[in-house]
> 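Before we start, here is the structure in question, set down as C-alpha cells.
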Amino acid sequence: MLYDTDFNNLFDILFFRTTTLTGFLLYWIPIICILSPSYLRPFGFVDGTQEFKVHRMQQFDLYGQAFGSRQAYLSSEVRIWSQPNIYRKTVLIHLNKITIERFRQLISNGINGLFILIPNMSSRWQDEQKQQLCELEQILLYESVQIPVYFLQETQQTIDLYRSIESRRDSQKDSAFAVLYDKVTADGYQFSIAQGQYHQRQDNVMYNIQGKLTGHGIEERLPKILFVAHYDASGIATGLSYGADSNASGLLVLLKLIRLFSKLYAKQTTRAKYNLLFLFSAGGKLNYQGSKRWIDDYHDQQQQQQLQNDINVVICLGTHCISLRLVLVPCFECLFIYLDALGQSNQLYMHVSKPPRDTQSAGILRDLLTRLSEKSVYGPLYFDQIHKKILKTSEFVAWEHEKYSWSKMPAFTISHLNTSKTCQHSTISDFKEDVHLSSIDKNFHYISDALIRLLYNTTDLNMSVIDHKYIMSQQQSTYDQQFLKIWLNFLTSRSRAQSLLTKQHPVLIALEQYAQNYLQNVQKVPVRSHSKKDPEFIFYDGDDEARLLYVYRVKPAIFDLVLASFIAIYLGIIYLYTFTPLKLTNEIDCIDDYSGQISPKAGILLM
C-alpha cells in the first residue's frame, strides 16, 4: 500500500499539476522551445549535411614549374571574405567581389581554402562577369597556389547558403554580453572535401591524331601542306574548360577542310600536286606539346631519308680511284597552317613570325585572302597580316606556328584574334553561345577558296573555283546544314582539359573515327616526355570533372558547454521540485510500528 501511495503521489505531481513550477519546467519550456520560430529559440536543431558539386583549380607541372592549386583536402569553418577572423578559415567569395589584389590579400591572411562562387555555366554570363574572370585567369593560370581553390556554381541552394553565411552578425563592436550571446547562438558552417593531395600520374601521355591525302605525282617529291588544330581546352578550373571558340571553332574548320579535300582527292582528275597532311594536335594549351612531337618525328624522318639518299660514287682514273659521297636532299616545299579561334567577328588575321615573300606559298595564300576579303565574296571580312618575332629567351611561345618557325619552317596561324595576350585562349567562360556558326562557315569558305586556288594555281578571282555544294553529294549536303551545330554541341558537352583527355575519351575516339573515314594512314601517336627523371609535363591523379563538397551546419564549441550547463541546471531543478516534496510526505508517514510514536526525524519535520 505504501508503494502504491508513493506512485500515485508522484504521478499526480508529474502529470496533473501542470500549473505548478514543476509542470512548467517539465511541459511548457520544452514545448515553447520546440514550437517557437528559429529566431526565438537560440538552441535550434542542426541541419543535416548538404552536398554540392565543385571544381578544383587546375594543377599540372610544365618544364619543371608548378602551376595551379597544389592542395585538395579541406575541412574547416567557412566565412565570407568580408567577415573578420578569417585566419585558418575557409573563405567564400563571389566572382563579382574578387580581384587579383584581394586574392593575394586573402592568401597572405592565412586562410585554409578559397571557394569562388561563379554564375551557372548553363546561364548567360554578363560581359562584366567575363571580364572579371578574365583578369583573374590571366594571372592565376601561371601561378602556383599553396591552398585548395574550388569553384562553386550558382544555384538556388548555393545562393541561399551564401546569404546565410553572409548574414552572420559582426558583434565585435557590441558589448561583452552581446559578443558572448552571439558566439553561443550563432550558426556556423563547415566545408569538407575528403580528397587529399593528389599524386603524380604514372602515365603522363597525350595523343596526336594525324592522317594525310596523297597528291598526284611522286609522293616523296611533292610539296606538303600541313593543317593543324589543337583539340584541347584550358581554363582556371579543370572540369569547366569547354573551349568553344578556342579551339572547337578551329577544329570545325579543319573537319570541314578534311571532308572537302577528301572528296577532291578521291578522283585522279581533281587530285592536286600537293600532299595534304592533317593533324589534331594535343597539348595546345601546354605550350603546344603535340606540335613539338610532330616536329621531332618529322626531323627524325628527314634524317633517315637523307641517310638513305647518301650515295657512294667511285670514279677510277687510271690506276687511282677517287671515292665521292653525294648527298641528295629531298626537293619539296612545306607549308604549315594553324587554325585557332575562328568562331567570332568579321575579322581574320594571319600571324607570322617572318613575313613570307610574295612568291612563296604562304605569300600567295596571303594575297588570295586579301583580295577575296576586299571583294567580300562570302560576306564582309577584314583580313590582315600581323608580324610578331619569336622571343628566343623563353621556352613558351604565343602561337602554335612559332613552334615550327623555331625549326625554320614556313608557318602561320589564322585566327580572328589579333593578339595572343588575351584570356579568350584559356578561359572557362568560352561558351558555345558566344560562337557564331555563320562566322565559322564564312571563315571556312574564305580559307578553302584561297587554298583551292593555291593548290590548282588559279589566282584569277574572276574565274570560279569548284562549287562546294557540287562536291558534296545530296545526302552530305543535307547533313552539312547541321554539321557545325552537331559537332559544336558534341565538343562543348564536356570539359576538354588536357589532363582529362585520356586514350578512351569520347572526343579522341570521335576525331580518330572521323579521320579514318576521310584520310589515309591515320595514326594515334602518343606524346610523352623524353625524360622520366625530368619530364616536360606532369598531370595529377583525381583531376576529374567534379568533386563533392559536404556542408555541415554546426554550432561553436562554447555552445556545447552552455548547453550542457543548461541541461544540468534544468535536471537539478526538476529533481529538487519533484522528489523533495515526495520525500517529506514519506517521512511524515513513517511511524514506529513497535512504539506507536512518531519518529524523531518525522517530528522534527512536523515542527
Side-chain angles (χ1 to χ4, degrees), residues 58-68 141-142 200-210 226-239 241-243 245-251 254 277-299 336 338-341 394-407 409 411 413 415 420 425-428 430 491 494-512 515 523-532 534-540 543:
Q58 65 174 359
Q59 179 186 3
F60 65 92
D61 295 351
L62 187 62
Y63 300 130
Q65 301 182 32
F67 295 93
L141 279 174
Y142 305 100
Q200 295 182 9
R201 285 187 187 174
Q202 299 299 323
D203 56 340
N204 293 304
V205 58
M206 302 178 286
Y207 295 93
N208 282 344
I209 299 175
Q210 58 192 42
L226 173 67
F227 301 92
V228 184
H230 64 85
Y231 57 81
D232 60 311
S234 178
I236 196 170
T238 302
S241 302
Y242 300 107
D245 188 34
S246 181
N247 190 31
S249 62
L251 278 175
L254 183 57
L277 310 179
F278 300 89
L279 174 63
F280 299 110
S281 63
K285 304 304 183 180
L286 298 176
N287 203 30
Y288 307 105
Q289 294 294 320
S291 287
K292 181 179 181 299
R293 169 60 192 271
W294 192 93
I295 295 172
D296 293 340
D297 293 343
Y298 178 78
H299 285 320
F336 303 92
Y338 306 93
L339 308 173
D340 189 357
S394 175
E395 293 181 338
F396 296 89
V397 297
W399 296 99
E400 192 161 7
H401 73 271
E402 296 182 7
K403 280 288 184 181
Y404 298 78
S405 298
W406 268 100
S407 302
M409 299 177 179
T413 298
S415 174
S420 61
H425 272 297
S426 301
T427 178
I428 62 175
D430 188 2
L491 292 173
R494 53 182 57 83
S495 175
R496 299 196 319 280
Q498 186 60 68
S499 60
L500 306 179
L501 295 170
T502 58
K503 188 176 183 179
Q504 300 300 324
H505 193 277
V507 171
L508 265 71
I509 294 176
L511 292 177
E512 185 179 15
Q523 296 178 333
K524 180 186 284 187
V525 181
V527 181
R528 293 186 175 91
S529 297
H530 294 292
S531 174
K532 292 184 178 180
D534 188 19
E536 296 175 345
F537 56 90
I538 297 175
F539 300 135
Y540 289 83
D543 217 1

> Kindly give the heavy-atom pair with the smallest separation between Ser495 and Leu500, and that separation in Å.
OG-CD1, 3.6 Å
> With the side chain counted from C-beta on, respond yes when Gln200 and Tyr540 share a heavy-atom pair under 4.5 Å apart, and no when they do not.
yes
> Go through Leu277 and Leu279 one step at a time and tell me if the side chain to side chain contact (heavy atoms under 4.5 Å, CB included) criterion holds.
CA-CA 7 Å; Leu277 310 179; Leu279 174 63; over 6 Å; no
> Could you tell me which non-hydrogen atom of Gln58 sits nearest to which non-hydrogen atom of Gly235, and how far apart they are?
OE1-O, 3.4 Å
> Roughly how far apart are Tyr231 OH and His505 NE2, rounded to 0.5 Å?
10.0 Å
> How about OH on Tyr63, more than 12 heavy atoms from neighbouring residues, nucleotides or ligands closer than 6.0 Å, or not?
yes
> For Lys503 and Lys524, which heavy atoms make the closest approach, and how far apart are they?
O-NZ, 3.3 Å
> Closest heavy-atom contact between Ser241 and Ala233?
O-CB, 3.7 Å
> On a heavy-atom basis, which atom in Met206 and which in Ala282 lie closest, and how many Å separate them?
CB-CB, 3.7 Å
> Quickly, which of Asn208, Leu508, Leu251 forms a side chain to side chain contact (heavy atoms under 4.5 Å, CB included) with Phe280? Name it, please.
Leu251
> Are the side chain of Tyr288 and the backbone of Ala398 linked by a donor-acceptor contact shorter than 3.5 Å?
yes
> Counting distance only, does the side-chain N/O of Asp340 pair as donor-acceptor with the main-chain N or O of Ser415 below 3.5 Å?
no
> Distance check, rounded to the nearest 0.5 Å: Tyr242 atom OH versus Asp430 atom CG?
12.0 Å
> Could you walk me through whether Gln65 and Tyr142 pass side chain to side chain contact (heavy atoms under 4.5 Å, CB included), step by step?
CA-CA 9 Å; Gln65 301 182 32; Tyr142 305 100; over 6 Å; no
> Calculate, to the nearest 0.5 Å, the distance between atoms CZ and CG belonging to Phe539 and Leu286 respectively.
5.0 Å
> OH/Tyr207 to CD/Gln504 distance, rounded to the nearest 0.5 angstrom?
8.5 Å
> Can you check side chain to side chain contact (heavy atoms under 4.5 Å, CB included) on Ile295 and Trp406, steps first, answer last?
CA-CA 10 Å; Ile295 295 172; Trp406 268 100; over 6 Å; no
> Kindly compute the distance separating OG (Ser234) from CZ (Phe60), expressed to the nearest 0.5 Å.
6.5 Å
> Backbone N or O of Phe537 within a donor-acceptor pair of the Asp61 side chain at under 3.5 Å?
no
> Under 6.0 Å between ring centres: does that hold for Phe278 and Phe227?
yes
> Exactly one of Gln210, Lys292, His230 should register a side chain to side chain contact (heavy atoms under 4.5 Å, CB included) with Ser281. Which one does?
His230
> Looking at Gly283, is its backbone amide N or carbonyl O close enough to the side chain of Gln498 to form a donor-acceptor pair, meaning the two atoms are under 3.5 Å apart?
yes
> Can any side-chain N or O of Arg293 pair as donor or acceptor with the backbone N or O of Arg528 at less than 3.5 Å?
no
> I'd like to know if the side chain of Asn247 reaches the main chain of Leu339, judged simply by a donor and an acceptor atom lying under 3.5 Å from each other, with no hydrogens or angles considered.
yes
> Does one side chain, of Tyr404 or Ser291, offer a donor that lies under 3.5 Å from an acceptor on the other?
yes
> State the OG-CG distance between Ser407 and Asp296, to the nearest 0.5 angstrom.
8.0 Å
> Is the backbone N or O of Val397 less than 3.5 Å from a side-chain atom of Asn287, with the two atoms forming a donor-acceptor pair by type?
yes
> Quick one: does any side-chain atom of Asn204 pair with a main-chain N or O of Ile538 as donor and acceptor, under 3.5 Å?
no
> Using every non-hydrogen atom in the two residues, find where Leu254 and Ala229 come nearest and quote the distance to one decimal.
CD2-CB, 3.7 Å
> I'd like to know if the side chain of Lys285 and the backbone of His425 have a donor-acceptor N/O pair within less than 3.5 Å.
yes
